[in-house]
Amino acid sequence: VRAELDGRGAAEAEEIKNALGGVLGMAGDALMWGGLRPAAGLIAAAVALYGLQTGAWGVWTAPVVMLVVYNVPHILLRARGVVRGLSLGPEAASELLGRGFRRAVLAARWAGAFAAGFVLALAAFGTERGGSSSVVVMGAFLILGAIATRLRIPSTVIAAAGAVGGIILMVNGFNGG
């Protein structure tokens, strides 16, 4: 849109849009699908498990948490992209993909790894006798998340490992009961 407002032709504006679309889409996928979506799902799972075990709130809270944790940053990112794109034009892409964006991807992946550990700790040890075992499991997943992020392992793999680990612990009788 900015290219057209600057008097560039429709063909040139279309070329700019096509050139930036792939790069921005790939970066957005890394943040939204590779970081934020798994983190939001795991945070919602932790809310559901905690609510079921303590009776603190209903299970319906988990889907609301998932929607809020995923959609608020998603909408804010889109709004920022539109505003910066209108004000800077194609140069906005380099700003949007700068250091802050990379930090956001890293933070989302770490949050997902931590949430995987939290869900695993809740599933395996429950809220009553979790104690130091829960802290160890959460810490281990935070460290695994940091390592996985450095090695560029998708956070969904960490989440799957957490789910498998939780199932193994529960099958072996470590279910917090």
**Q.** Among L67, V68, V69, side chain to side chain contact (heavy atoms under 4.5 Å, CB included) partner for V65
**A.** V69
Q.
Could you see if M66 belongs to whatever hydrophobic cluster contains I43? Use Ile, Leu, Val, Met, Phe, Trp, Tyr and a side-chain cutoff under 4.5 Å.
A. no
**Q.** Which residues share a salt bridge (charged side-chain N to carboxylate O under 4.0 Å, His left out) with R80, sequence neighbours left out
**A.** E95
Q | Pairs where residues 58-76 contributes a residue and the test side chain to side chain donor-acceptor pair (under 3.5 Å) is met, not counting sequence neighbours | A |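 Counting only pairs at least two positions apart or across chains, the side chain to side chain donor-acceptor pair (under 3.5 Å) contacts touching residues 58-76 are H74-R78.
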Q) What closest approach, in Å, do A62 and A48 show between heavy atoms, and which atom pair accounts for it? A)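 Closest pair (atom of A62, atom of A48, distance): CB-CB, 3.7 Å.
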Q: Could you list the residues that satisfy side chain to side chain contact (heavy atoms under 4.5 Å, CB included) with A104, not counting sequence neighbours?
A: L31
